[in-house]
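What follows is one structure encoded as structure tokens, with my remarks underneath.
Chain letters run A, B, ... following the sequence lines, proteins first and then strands; every chain starts at 1.
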2 protein chains.
Amino acid sequence: MTSPLKTHDKIRHAAAALFAERGYSGTSMSRIAERVGIRKASLYNYYSAKEELLLDLLEESLQSWEDSCRLSLVAGGSAEERLSGHLLAVIDFARKNPQKVGIVRLAATQVGGKLGRRIAALIEKHEQHSLPLLSRFFSEAKANGDVDATDEDLLLFWSVFVDGILINQLFATPKAEHYVNRLPELWRLFWRGVSGEEPDRELKG
Amino acid sequence: MTSPLKTHDKIRHAAAALFAERGYSGTSMSRIAERVGIRKASLYNYYSAKEELLLDLLEESLQSWEDSCRLSLVAGGSAEERLSGHLLAVIDFARKNPQKVGIVRLAATQVGGKLGRRIAALIEKHEQHSLPLLSRFFSEAKANGDVDATDEDLLLFWSVFVDGILINQLFATPKAEHYVNRLPELWRLFWRGVSGEEPDRELKG
DNA sequence: CCTACCGATCGGTAGG
DNA sequence: CCTACCGATCGGTAGG
């Protein structure tokens, strides 16, 4: 019973796909319009400029990513269970929404100019929601003796670990499944690093 | 006694800086020429097309990266010393050559079309030099009991770790120094993950 | 949502 | 290494 997409949503989908594939400058408004099946000028009924279209997509990508991953971290269970659950949520989101991750990656690399500054501000705004949550998680885990390092180092190691997985999943596209299949092993090495001990149970995806 | 740069080198420097900042499509041949101080048409005495310019820069970046990091892995010392030395070499190269790393990142994201295929082929060619070296390192380390995981998992965990650090260093540019200062702590967590034991000595950059 | 159009700029070539 | 130029396309607007 899926109703046909409204034009505005078709624009979002077409633009997300093209931006993620070809980059911001590499994607023209005409090509987006062509994929939607309308004329370029009609796009300007929905967005006043190409820049606004990208920022709308970025905002939505960041928001839905945050929404998909926040809960897992504050759910019940041991620190190990909660953090591994969070990892699975992040990876799962990236697998199911490669274009949204692509938009975030694209935006993050667009550092120059006014557009770059607006993007940086948007990303920072969202980090102010997600980082404190992680920070609190690690301090509690440390207080409980579940992990063995300062909160700051744990947060850093976590960022490195997650970003590294995402990058490898995103770039080595033909081998992306390979990485996902190896998550339990990667998790074992990661958890041994942060806790100094073997994980209690194997990660299951 | 640094002699003035020849035009060809000026072109390479200007193009690398602009590509790294603005991306491939976001950088025009006129702008490159402008920064060099010549006319756009003159660029075509050095490169037959914009595409060739990017590929030349990419080849050179990959080659000099490889040259800077290969030795550290096959030097003398314990497995821990060699791998941590290799990590320092990689990070140090990235710090000193942000534009070269930027070119590689840019190129890796350019997946579509004929250009994307040529880039992928170039990157794959270079991986055929570097990956076997790492692979052999991990198998020997495992045979010696220095690490505790399969070679394949170690290689994967290593890639994730290094790429994660590079990404965080590249993107969170204002805080890049912060990451570099935390390398010893990150290394400790990483090494505990791969070996199951505390490192013998602190990493020194 | 369209046709018709704007000035600017794109990558690249001719010819010297 | 230059001037002069090419056709194509860019983001965006006017007006309906």
Distance-only donor-acceptor hits, side chain of residues 9-19 of chain A, under 3.5 Å, sequence neighbours excluded:
residue	atom	partner	partner atom	Å
A/Arg12	NH1	A/His8	NE2	3.4
A/Arg12	NH1	A/Asp56	OD2	3.0
A/His13	ND1	A/Asp9	O	3.0

task: In whole angstrom, give the distance that lies between atom CD of B/Glu52 and atom C1' of C/dG11.
output: 13 Å
task: Just jot down the salt bridge (charged side-chain N to carboxylate O under 4.0 Å, His left out) partners of A/Arg188, sequence neighbours excluded, or say none.
output: A/Glu198, B/Asp148
Qualifying residues under side chain to side chain donor-acceptor pair (under 3.5 Å), relative to A/Ser159, sequence neighbours excluded: none
task: Taking salt bridge (charged side-chain N to carboxylate O under 4.0 Å, His left out) as the test, write out the residues that go with B/Lys40, two or more places apart.
output: none
- prompt: Once you round it to whole Å, what is the distance between P of C/dG11 and CZ of B/Arg31?
  reply: 12 Å
- request: Could you provide the dot-bracket string of DNA chain D, using ( ) for intrastrand pairs, [ ] for crossing pairs and | for bases paired to another strand, with Watson-Crick or G-U pairs below 3.5 Å?
  value: ||||||||||||||||
query: What residues form a ring pair (Phe, Tyr, Trp, His ring centres under 6.0 Å) with B/His86, not counting sequence neighbours?
result: B/Trp158
- line: Sorted by chain and residue number, the salt bridge (charged side-chain N to carboxylate O under 4.0 Å, His left out) partners of B/Glu140 (sequence neighbours excluded) come out as none
- request: Report the distance from atom CE of B/Met29 to atom P of D/dC1, rounded to the nearest whole Å.
  value: 14 Å
- request: Could you note down all residue pairs passing salt bridge (charged side-chain N to carboxylate O under 4.0 Å, His left out) where residues 17-32 of chain A supplies at least one of them, sequence neighbours left out?
  value: none
- request: For A/Thr27, report the nucleic acid contact type (base, sugar-phosphate, nothing); a contact means any heavy atom under 4.0 Å.
  value: sugar-phosphate
- prompt: Atom CD of A/Glu34 and atom P of C/dC1: how far apart are they, to the nearest Å?
  reply: 16 Å
query: Please walk me through it: do A/Ser42 and A/Asn45 pass side-chain hydrogen bond (donor to acceptor under 3.5 Å, both in side chains)?
result: CA-CA 6 Å; A/Ser42 307; A/Asn45 286 302; 4.9 Å; no
statement: Within residues 37-48 of chain A, those residues having any heavy atom closer than 4.0 Å to DNA chain C are A/Ile38, A/Arg39, A/Ala41, A/Ser42, A/Asn45, A/Tyr46
- request: Assess B/Lys50 against B/Tyr24: is NZ or CZ under 6.0 Å from the centre of the six-membered ring, and within 45 degrees of the ring's axis?
  value: yes
query: Mind checking what makes salt bridge (charged side-chain N to carboxylate O under 4.0 Å, His left out) contact with B/Lys100, not counting sequence neighbours?
result: B/Glu60
- prompt: Hey, does the side chain of A/Ser28 come within less than 4.0 Å of D/dT9's phosphate (OP1/OP2), counting only N and O?
  reply: no
Would you be so kind as to tabulate the donor-acceptor pairs closer than 3.5 Å made by side chains of residues 113-121 of chain B, with sequence neighbours excluded?
residue	atom	partner	partner atom	Å
B/Arg118	NH1	B/Glu51	OE2	3.2
B/Arg118	NH1	B/Glu52	OE2	3.0
B/Arg118	NH2	B/Glu52	OE1	3.3

- request: Considering just the side-chain nitrogens and oxygens of B/Ser30, establish if one lies under 4.0 Å of OP1 or OP2 belonging to C/dC10.
  value: yes
- request: Give me the residues of residues 12-24 of chain B where at least one heavy atom lies under 4.0 Å from an atom of DNA chain D, by number, or none.
  value: none
